Amino acid sequence: MVDESRVHSARRYNYWLGGKDNYAVDRESGDQIAAVFPTIRTTVVENRGFLRRAVTHLATEAGIRQFLDIGTGLPTADNTHEVAQRIAPDSRVVYVDNDPMVLVHARALLTSTPEGRTAYLEADLRDPQKILADPALREVLDLGQPVALMLIAVLHFIESTEEAKRIVGVLLDALPSGSYLVLSNGTSDFADDETRARFAGLASRGRLDAYPRTAAEVSSFAEGLEALEPGLVVVSDWRAGDEPEPRPAPAEVAVYGIVARKP
Ligand SMILES: C[S@@+](CC[C@H](N)C(=O)[O-])C[C@H]1O[C@@H](n2cnc3c(N)ncnc32)[C@H](O)[C@@H]1O
């Protein structure tokens with residue numbers, strides 16, 4: 001059921017991206033965060049740019065044809081299957097989100113090319129075994145072939161880094177060698193004292209539902225994998241050579257990204 005009285009991160013993200021699929025409660029939360037962190041719209045646009053560049057690279061250079069995109073968000077411009085299928089029409093994408101609002105809009109994620117396939121599962125990242133065992137996932141993805149596991153701006157909703165690591169481990173264990181992890185996670189590594197104090201204020205009033213991580217913590221999710229160049233960087237700097245200059249400062253973006261290959 002869609003609960004209009006509770007903040008949903010998918011709807012709040014949609015608000016920051018300029019979308020219309022959000023309610024007053026999401027806009028209020030979005031504005032509170034924007035008051036503390038005025039460049040949040042730069043953050044979300046840059047995070048989407050990272051998704052687009054990472055999928056483009058994997059489809060073009062790495063020959064990846066299967067994507068498992070968990071924490072999909074509300075459909076917007078350049079969803080994973082659109083980016084991948086523009087390059088390789090036979091790409092297969094399984095989307096997963098736990099927000100009923102995303103399910104309501106999932107039709108827009110199911111506009112696959114005839115050569116490819118897409119599917120949408122309503123499921124929770126906290127139960128990775130259930131996601132992996134879902135017959136709809138098995139119908140679309142062949143787990144004997146490489147898969148790009150996409151965890152973009154979703155792991156920071158899981159408070160415990162140990163628990164998040166366990167989840168990433170379970171998912172990666174199910175994928176063969178040659179698979180990839182594409183991950184982004186918020187950070188306060190670049191924040192000044194004033195911004196930190198304002199975030200702490202929001203958190204103490206129960207108004208913050210995302211947990212920033214340090215570079216070391218985010219890197220630990222890719223332990224045992226081979227990070228592609230340039231390694232762990234702010235998302236706006238990941239292979240952004242063709243993006244308009246000047247690039248935003250790391251403190252304005254405050255999200256780390258990494259793409260890494262399972263050996
Ligand atoms: C900030 S949005 C990111 C959307 C998209 N990945 C992107 O980067 O543009 C986070 C999404 O993760 C979803 N999400 C949060 N916690 C989740 C969980 N435990 N299981 C599945 N999805 C979750 C939210 O509903 C939301 O749609």
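Keep in mind that the numbers below use all heavy atoms, side chains included, and drop hydrogens, waters and symmetry copies. Being a predicted model, the structure only gives us computed values, none of them experimental. Whatever order the structure lists them in is the order used to number ligands and atoms, beginning at 1.
- Scanning the protein heavy atoms around atom 10 (C) of ligand 1, the nearest turns out to be Ala153 O, 3.3 Å.
- Residue contacts with ligand 1 include Ala123, since one or more of its heavy atoms lies under 4.0 Å from the ligand.
- Between Arg48 and ligand 1, at least one N/O pair is under 3.5 Å apart.
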What's the verdict on side chain to side chain donor-acceptor pair (under 3.5 Å) for Thr214 and Asp189, showing C-alpha distance, side-chain angles and the deciding distance?
CA-CA 6 Å; Thr214 64; Asp189 280 3; 5.2 Å; no
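- Here's the thing with Leu125: one of its N/O atoms is less than 3.5 angstrom from an N/O atom of ligand 1.
- Below 4.0 Å from some heavy atom of Ala10 lie the following atoms of ligand 1, by number and element: 25 (O), 26 (C), 27 (O).
- Below 4.0 Å from some heavy atom of Gly73 lie the following atoms of ligand 1, by number and element: 4 (C), 27 (O).
- Interatomic distance, CZ of Arg92 versus CD of Glu115, reported as 11.0 Å (0.5 Å rounding).
- For the pair Arg6 and Tyr23, the NZ or CZ position fails the cation-pi test of under 6.0 Å to the six-membered ring centre and within 45 degrees of the ring normal.
- Contact between Met101 and Leu74 at its shortest, heavy atoms only, is O-CD2, 3.6 Å.
- Among all non-hydrogen protein atoms, the one lying nearest atom 25 (O) of ligand 1 is Asp97 OD1, 2.6 Å.
- Among protein heavy atoms, atom 7 (C) of ligand 1 sits closest to Tyr13 OH, 3.3 Å.
- Protein heavy atom nearest atom 11 (C) of ligand 1, with residue, atom name and distance: Gly71 O, 3.6 Å.
- For Arg126 and Glu163, the salt-bridge test fails: no basic side-chain N is under 4.0 Å from an acidic carboxylate O.
- Residue Asp193 places its CG atom among 12 or fewer non-hydrogen atoms of other residues, nucleotides or ligands, all under 6.0 Å distant.
- The shortest N/O to N/O separation between Asp124 and ligand 1 falls below 3.5 Å.
- Taking the six-membered ring for Trp, Phe50 and Tyr256 have ring centres at least 6.0 Å apart.
- Side-chain atoms of Asp97 never come within 3.5 Å of backbone atoms of Val102 as a donor-acceptor pair (strictly under, hydrogens ignored).
- Residue Ile152 has at least one N or O atom closer than 3.5 Å to an N or O atom of ligand 1.
- When the options Asp26, Asp209, Asp21, Asp31 are evaluated for a salt bridge (charged side-chain N to carboxylate O under 4.0 Å, His left out) with Arg12, the one that passes is Asp209.
- Taking every non-hydrogen atom of Asp99 and a distance limit under 4.0 Å, the qualifying atoms of ligand 1 come out as 25 (O).
- Atoms of ligand 1 lying under 4.0 Å from at least one heavy atom of Ser9, given by number and element, are 24 (C), 25 (O), 26 (C).
- In terms of protein heavy-atom proximity, atom 8 (O) of ligand 1 is closest to Asn47 ND2, 2.8 Å.
- Atoms of ligand 1 found under 4.0 Å from any heavy atom of Phe157, numbered from 1 in the order shown, are 10 (C), 15 (C).
- Looking at ligand 1, you won't find any N or O of Ile70 less than 3.5 Å from one of its N or O atoms.
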Test ring-ring contact (aromatic ring centres under 6.0 Å, His included) on Tyr95 and His81 and set out the steps.
CA-CA 9 Å; Tyr95 291 110; His81 75 286; 5.7 Å; yes
